[in-house]
> 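Would you mind keeping the following structure in view while I ask a few things?
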Amino acid sequence: MASYIDIERCNPIPLSLSSLCACQSRWPLTSFSVTPPKSLILTRRSFPNSSFRLFLDGSRGFCRLPRGISVGHQRVITAVASAEPDRIDEGKSKEEDSASDHQQKSSQLQKRIVFGLAIGISGGAIVLAGGWVFTVAIAAAAFVSAREYFELVRSHGIAAGMTPPPRYVSRVCSVVCTIMPLLTLYLGQIDVSVTSAAFVVAITLLLQRGNPRFSQLSSTMFGLFYCGYLPCFWIKLRCGLAAPALNTRLGRAWPLLLGGQTQWTVGLVATLISVSSIIAADTYAFVGGKAFGRTPLTNISPKKTWEGAAVGLGGCIATSVILSRILSWPASFLSAIAFGMLNFFGSLFGDLTESMIKRDAGVKDSGSLIPGHGGILDRFDSYIFTGALAYSFVKTILPLYGV
């Protein structure tokens, strides 16, 4: 099978015979004469009107040379001819790698969009349902989040500087985090569930074999607070604020089969505005960072920028104000702005907290449960602190101003 190479595609340089193969070529050269010089000399660097091709088929060989080239030795031609395919293969390999990376990023983006829409639709239905449906969903998310958190604690990056809690303690804490939202709905308060959970976890750590360490107690208690206590405020917000939102026009037209106007409570309206504001904050911050991002926000998450944060804050406030006009709550324009700002800072702080944990653990994602998004903590880190802030705002701050 014949092969050829075009020297116009490479940049020939003088070659020394000492770097070539010592064996003699067996292919006779019939179309030019060979003289004793020991290098290939090119008097011109480019040949726009001519080409130099070398054909080798194992039995015959001949060369067509443009003017200005003198050939010193046949082995030099062989060396130049054998060097070019490597460069071509290297270029093809880079092109294939680039195309593969582009295809992988495109597939990742498609998965992120598809699963993001699925999570948004199912999450909206769960929020509207409320009650035990909403509580069980929060409890399931708390369980998976706790498992992911303790896996991060046990990772090499964090465990190298401290003693992680035993696995059975992590499992007990994960179960406790699951029970806490259920107790919050059943008892109507968080105090009893938090106190009971902290007592159970502390006793479990103290009774373990070996020497209990303070690092075990601190990491476990933070996991209990982060994955169990804070999510309970979403139960308090959605299910605890049962006062009807009488001024909501959408509630008046709500079908009786779906609960009618009584379904629309202050808790439901506040939860919808808060969740929508968080989604808007993440979306606008991402788009703003891609378009205008120049100044890094913090070393914890290098991809976040001040420009993206500013755009995210504006989008979050705008979403809060628009929904407050549609749902007629809160009645005050300034209250809607303050609620949007609170949701933004809560979501940003939750995102940075999880980024700090992952950075110390030396991992990119907390898990792989949701394709295109990572783990539960990766998807819902912005919601962890926001529920407590939103509940405190609606329950404590708004009544002070008669809203």
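These numbers come from the heavy atoms of this one structure, side chains and all, not from hydrogens, waters or symmetry mates.
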> Nearest heavy-atom pair of A361 and L152: which atoms, and what distance?
CB-O, 3.8 Å
> If I compare all heavy atoms of L352 with all of I300, which pair ends up nearest, and what's the gap?
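That closest heavy-atom pairing would be O-CG2, 3.6 Å.
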> Report yes if some heavy atom in the side chain of P296 is under 4.5 Å from a heavy atom in the side chain of T305; otherwise report no.
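No. Closest side-chain heavy atoms not under 4.5 Å.
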> Would you say F292 has more than 12 foreign heavy atoms packed within less than 6.0 Å of its CZ?
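Result for CZ/F292: open.
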> Measuring from L205:CG to T220:OG1, what's the distance to the nearest 0.5 Å?
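If I round to the nearest 0.5 Å, the distance is 4.5 Å.
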> Of all residues at least two apart in sequence or in a different chain, which pass the side-chain contact (heavy atoms from CB on, under 4.5 Å) check with K303?
none
> Would you check, one step at a time, whether the test side chain to side chain contact (heavy atoms under 4.5 Å, CB included) holds for L268 with W329?
CA-CA 11 Å; L268 173 59; W329 185 95; over 6 Å; no
> Nearest 0.5 Å please: distance from the CD1 atom of I337 over to the SG atom of C316.
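SG of C316 is found 12.0 Å from CD1 of I337.
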> Looking at every non-hydrogen atom in both residues, tell me the closest pair between F393 and S335 and how far apart they are.
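Scanning both residues completely, I find the closest heavy atoms to be CZ-O, 3.7 Å.
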> Using the side-chain contact (heavy atoms from CB on, under 4.5 Å) criterion, which residues pair with R213? Sequence neighbours excluded.
T163, S215, Q216
> Just how far is it from atom CZ of R154 to atom CZ of F150, taken to the nearest 0.5 Å?
10.5 Å
> Suppose we screen for side-chain hydrogen bond (donor to acceptor under 3.5 Å, both in side chains). Which residues come up paired with E151, at least two apart in sequence or across chains?
R167
> Show every side chain to side chain donor-acceptor pair (under 3.5 Å) that has at least one partner inside residues 222-246, sequence neighbours left out.
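Residue pairs passing side chain to side chain donor-acceptor pair (under 3.5 Å), neighbours aside: none found.
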> Once rounded to the nearest 0.5 Å, what's the spacing between atom CG of D351 and atom CG of D282?
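The CG atom of D282 is 6.5 Å from CG of D351, to the nearest 0.5 Å.
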> Quick one: closest heavy-atom pair of A388 and S392, and the distance?
O-OG, 2.9 Å
> Considering only heavy atoms from C-beta outward, does the side chain of L241 approach that of V394 to under 4.5 Å?
yes
> Between C173 and Y149, is a side chain to side chain contact (heavy atoms under 4.5 Å, CB included) present by the stated rule, with each step listed?
CA-CA 11 Å; C173 193; Y149 166 80; over 6 Å; no
> Under the side chain to side chain contact (heavy atoms under 4.5 Å, CB included) criterion, do I384 and T353 qualify, and how do the steps go?
CA-CA 10 Å; I384 293 178; T353 301; over 6 Å; no
> Search all heavy atoms of V176 against all heavy atoms of A197 and return the closest pair with its distance.
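Where V176 meets A197 most closely, the heavy atoms are CG1-CB, 3.0 Å.
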> Which residues pass the ring-ring contact (aromatic ring centres under 6.0 Å, His included) test with F349, sequence neighbours left out?
F385
> So, using side-chain hydrogen bond (donor to acceptor under 3.5 Å, both in side chains) as the criterion, who are the partners of S301 when residues are at least two apart?
K304
> Which distance, rounded to the nearest 0.5 Å, do you find between the CD1 of I235 and the CG of L183?
11.5 Å
> What pairs with S366 under side-chain hydrogen bond (donor to acceptor under 3.5 Å, both in side chains), at least two apart in sequence or on another chain?
E148, D378
> Can you confirm whether P165 sits close enough to S219 that some side-chain heavy atom of one is under 4.5 Å from a side-chain heavy atom of the other?
yes
> If every non-hydrogen atom of G346 is compared with every non-hydrogen atom of L389, which pair is closest and at what distance?
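Taking G346 first and L389 second, the nearest heavy atoms are CA-CD1, 3.6 Å.
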> By the side chain to side chain donor-acceptor pair (under 3.5 Å) test, which pairs, at least two apart or in different chains, include something from residues 169-191?
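As it turns out, there is no side chain to side chain donor-acceptor pair (under 3.5 Å) pair with a partner in residues 169-191 once direct neighbours are skipped.
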> According to side-chain hydrogen bond (donor to acceptor under 3.5 Å, both in side chains), who are the partners of S277, at least two apart in sequence or on a separate chain?
none
> Hey, does I357 have a side-chain heavy atom less than 4.5 Å from the side chain of F222?
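Side-chain contact under 4.5 Å: yes.
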> Heavy atoms, side chains only, cut-off 4.5 Å: are R359 and P302 in contact?
yes
> With rounding to the nearest 0.5 Å, note down the distance linking CG in D381 to OG in S355.
6.5 Å
> Determine all donor-acceptor pairs shorter than 3.5 Å in which one atom belongs to a side chain in residues 117-139; sequence neighbours excluded.
residue : atom : partner : partner atom : Å
S122    : OG   : A118    : O            : 2.8
S122    : OG   : I119    : O            : 3.1
T135    : OG1  : G131    : O            : 2.9

> With sequence neighbours left out, what residues match Y383 under ring-ring contact (aromatic ring centres under 6.0 Å, His included)?
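Y383 satisfies ring-ring contact (aromatic ring centres under 6.0 Å, His included) with F380 once adjacent residues are dropped.
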> Partners of F345 by side-chain contact (heavy atoms from CB on, under 4.5 Å), sequence neighbours excluded?
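Partners of F345 under the side-chain contact (heavy atoms from CB on, under 4.5 Å) test: M341.
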> Could you check if a side-chain atom of Y168 sits within less than 4.5 angstrom of a side-chain atom of T204, using non-hydrogen atoms only?
yes
